[in-house]
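Everything on this sheet refers to the single structure shown next.
Letters A, B, ... mirror the listed sequences (proteins, then strands); counts begin at 1. The structure presented is a predicted model; accordingly, all values stated were derived computationally and were not measured.
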There are 2 protein chains.
Amino acid sequence: MAKAEETGSYKGSGKLRPEEMIYQEMLDAILDRRLEPGMKLVEEDLAKTFGVSRARIRATFLQLAHDKLINLVPNRGAFVAEPTIDEAIEVFSARRMIEDGVARKVAVSMTDARAAQIKSHLDREHDAHHRGDHRAAIILSGEFHLLLARLTGNLVIEEFLERLILRTSLIIAMYESPQPVDCSHTEHDDLLKALTSGDPDIAAAEMSRHLDAIRDRLQLQRPKPGKTDFASIFGRTPKSAAS
Amino acid sequence: MAKAEETGSYKGSGKLRPEEMIYQEMLDAILDRRLEPGMKLVEEDLAKTFGVSRARIRATFLQLAHDKLINLVPNRGAFVAEPTIDEAIEVFSARRMIEDGVARKVAVSMTDARAAQIKSHLDREHDAHHRGDHRAAIILSGEFHLLLARLTGNLVIEEFLERLILRTSLIIAMYESPQPVDCSHTEHDDLLKALTSGDPDIAAAEMSRHLDAIRDRLQLQRPKPGKTDFASIFGRTPKSAAS
DNA sequence: GCATGCAAAATTGTTAACAATCCTGTTGTC
DNA sequence: GACAACAGGATTGTTAACAATTTTGCATGC
């Protein structure tokens with residue numbers, strides 16, 4: 001995931017490898033909803049935009065599709081993913097299964113140095129929040145979970161969770177309630193407290209509560225935004241075919 | 001993963017999509033060690049072998065690399081992955097974290113129908129074992145774990161575990177002890193028993209034990225095969241530079 | 001004899017053109 | 001007026017050629 005500091009200014013900074021830069025830019029655009037869910041991604045347009053060949057765009061598509069951030073339809077092209085409500089619920093369920101274990105592991109291997117490391121991250125989260133930098137806050141919030149995964153020392157889990165967090169970001173971007181009450185930074189405080197208790201059960205329980213809370217703040221019962229619901233827009237129920 | 005029935009005869013059967021067939025064939029070759037760890041995979045050779053263009057081989061490479069079954073080195077090419085001992089340990093650790101959760105979920109949602117479904121799979125495992133079909137036994141053994149994941153109803157977990165199982169297969173192919181004592185089919189019996197107990201803690205504990213047992217049957221302490229250890233081969237310790 | 005440098009071969013990375021497929025708007029028919 | 005067939009344009013899928021890079025073999029010099 002993008003570093004919070006680099007928010008919105010990749011192009012200017014030193015270009016790493018063009019391939020990774022393109023992936024990152026498209027990623028950011030999707031998570032920012034500059035590319036809306038369902039939007040068609042035309043290869044040649046993107047190729048011209050980034051000044052590369054279609055082949056590279058194609059390779060980037062494969063990566064994004066693997067992370068479930070776009071859908072690849074044979075002979076039709078690529079479309080920004082539109083996670084359904086069921087998918088969203090599954091992602092949170094999967095994260096709980098994994099991050100419960102993460103929390104357990106971190107809790108039993110907690111040290112002062114690690115607690116300080118987490119605390120330092122929390123400070124940055126609070127700072128972003130007080131600055132009112134909503135975007136940085138969201139990114140840092142994701143990185144908090146990634147930090148915990150990293151503390152388990154298991155790269156496999158870390159990489160998988162990274163993808164899951166990206167997917168979660170897209171889900172949040174799609175389903176977040178109109179007035180975004182982002183109170184997760186205080187929940188992270190609670191999580192740190194639970195982690196430093198040293199009790200794996202307490203830590204896992206707190207993690208489950210936190211992930212459920214994020215999920216429950218979303219509007220996962222409403223008809224999916226993006227697919228226009230004319231019936232509700234015009235305040236009438238769909239008729240069969242009569243004029 | 002390949003169905004056990006199709007063992008060794010993909011080419012003859014009805015061709016699905018060529019892209020998937022190529023992925024499957026390369027996958028099988030790697031897990032069979034017909035393609036040995038570390039082996040260079042030349043694009044044009046493979047393209048000619050499969051009668052497709054290099055572009056398709058390239059796309060297949062991206063898939064295999066994403067699953068950590070090959071390594072992609074810029075300007076150098078693709079190489080069959082050589083999981084290190086540390087990686088192997090990490091994969092088993094990751095599987096334990098995830099499959100503990102799987103076992104828990106399956107245990108609390110166990111029904112007679114599901115138990116019968118698992119039992120039916122176990123019968124096939126035993127059958128393959130008694131026939132002496134080692135390859136089918138290994139594949140079915142992996143599919144057992146996948147079946148449990150599927151029973152959680154969580155597609156995210158199922159897909160991730162599928163990849164981890166493939167990686168595990170490569171690890172086993174690389175590190176299995178010379179006299180393969182494949183006794184996992186009896187361990188699966190124990191697992192079913194634990195799962196039908198309805199107690200999530202018992203189920204998770206049995207799963208952990210099983211995964212640790214698989215890991216411990218491997219030769220993860222020896223110097224990695226494939227990288228020739230001249231010192232041990234010639235029975236002397238490496239000198240600095242003297243003649 | 002061994003290391004260094006160079007040149008040729010092999011291989012990957014990239015581009016552009018061509019073929020196949022799908023979407024869209026139009027026309028014709030009932 | 002609605003529906004089906006059709007043609008044109010747009011877009012994806014594929015192939016082949018070209019450029020850049022790495023590897024390999026050989027010759028040269030110490």
Side-chain angles (χ1 to χ4, degrees), chain A residues 15-26 29-30 35-66 68-82 226-228 238-243, chain B residues 15-26 29-30 35-66 69-82 226-228 230 238-243:
Chain A
K15 55 176 74 172
L16 260 303
R17 286 232 297 286
E19 33 187 354
E20 292 180 5
M21 200 197 66
I22 292 172
Y23 175 86
Q24 270 297 340
E25 291 228 26
M26 292 192 58
I30 290 172
L35 292 176
E36 286 182 26
M39 185 177 281
K40 174 80 185 290
L41 301 172
V42 178
E43 294 180 358
E44 194 161 346
D45 293 353
L46 287 166
K48 273 183 199 158
T49 302
F50 290 114
V52 297
S53 69
R54 272 178 56 212
R56 181 157 297 290
I57 298 295
R58 238 141 191 283
T60 306
F61 277 178
L62 281 179
Q63 255 189 293
L64 289 166
H66 214 263
K68 300 285 171 70
L69 296 173
I70 67 173
N71 292 328
L72 242 37
V73 186
N75 285 322
R76 295 273 319 281
F79 303 83
V80 178
E82 302 176 275
K227 250 190 184 171
T228 357
K239 304 269 175 26
S240 59
S243 66
Chain B
K15 54 176 76 171
L16 259 303
R17 286 232 296 284
E19 33 188 354
E20 292 180 6
M21 202 197 64
I22 292 172
Y23 175 86
Q24 269 297 339
E25 290 229 27
M26 293 194 56
I30 290 172
L35 292 177
E36 286 181 27
M39 184 177 281
K40 173 79 184 291
L41 301 172
V42 179
E43 294 180 357
E44 195 160 347
D45 293 353
L46 287 166
K48 274 183 199 160
T49 301
F50 290 114
V52 297
S53 69
R54 273 177 55 213
R56 180 158 298 291
I57 299 294
R58 237 141 192 283
T60 306
F61 278 178
L62 281 179
Q63 256 189 292
L64 288 166
H66 215 255
L69 296 172
I70 68 173
N71 292 326
L72 243 36
V73 186
N75 284 323
R76 296 273 319 282
F79 303 84
V80 178
E82 302 177 276
K227 249 189 184 171
T228 357
F230 291 120
K239 305 270 175 24
S240 59
S243 65

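- Under the rule for a side chain to side chain contact (heavy atoms under 4.5 Å, CB included), the partners of V80(B) that lie at least two apart in sequence or sit in another chain are I30(B), L35(B), M39(B), L41(B).
- R58(A) places its CZ atom 16 Å from the P atom of dA16(C), with the value rounded to the nearest Å.
- One finds the CZ atom of F79(B) at 10.0 Å from the CZ atom of F61(B) (value rounded to the nearest 0.5 Å).
- One distance of note links OG1 of T60(B) with CD of E20(B); it measures 10.5 Å at 0.5 Å rounding.
- The residue L72(A) sits apart from the nucleic acid: no heavy atom pair falls under 4.0 Å.
- Residue contacts shown for I57(B) are absent, as no nucleic acid heavy atom lies under 4.0 Å away.
- Partner of E43(B) under the side chain to side chain donor-acceptor pair (under 3.5 Å) criterion, chosen from K48(B), R54(B), R56(B): R54(B).
- Atom CG in D45(B) sits about 13 Å away from atom C1' in dT12(C), given to the nearest Å.
- The interatomic distance linking E44(A) (CD) with dT15(C) (C1') rounds to 12 Å, in whole Å.
- Straight-line distance from the CZ atom of R56(B) to the P atom of dA20(C): 15 Å, rounded to whole Å.
- If you measure from atom CG of N75(B) to atom P of dT22(D), you get 5 Å, rounded to the nearest angstrom.
- Rounding to the nearest 0.5 angstrom, the gap separating the CG atom in N71(B) from the NZ atom in K40(B) is 13.0 Å.
- Using a 4.5 Å heavy-atom threshold, the side chains of L64(A) and L72(A) count as separate.
- Within the model, atoms CD of Q63(B) and CG of L69(B) stand 10.5 Å from one another, a figure rounded to the nearest 0.5 Å.
- Between K48(B) atom NZ and dT12(C) atom P the separation is 12 Å, expressed in whole Å.
- In this structure, CZ of F79(B) is placed 12 Å from P of dT22(D), rounded to the nearest angstrom.
- The base of dG13(D) is paired with the side chain of R54(A) by a donor and an acceptor separated by under 3.5 Å.
- In this structure, K40(A) reaches the dT12(D) phosphate: one of its side-chain N or O atoms is under 4.0 Å from OP1 or OP2.
- Taking the side chain of R76(B) as heavy atoms from C-beta on, and the options dT23(D), dG13(C), dT11(C), the nearest nucleotide is dT23(D).
- Proximity note for V42(B) (side chain, C-beta onward) versus dT12(D), dT11(C), dT15(D): the nearest is dT11(C).
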Taking only N/O atoms, report every protein-nucleotides 5-9 of chain D pair under 3.5 Å with atom names and distance.
none

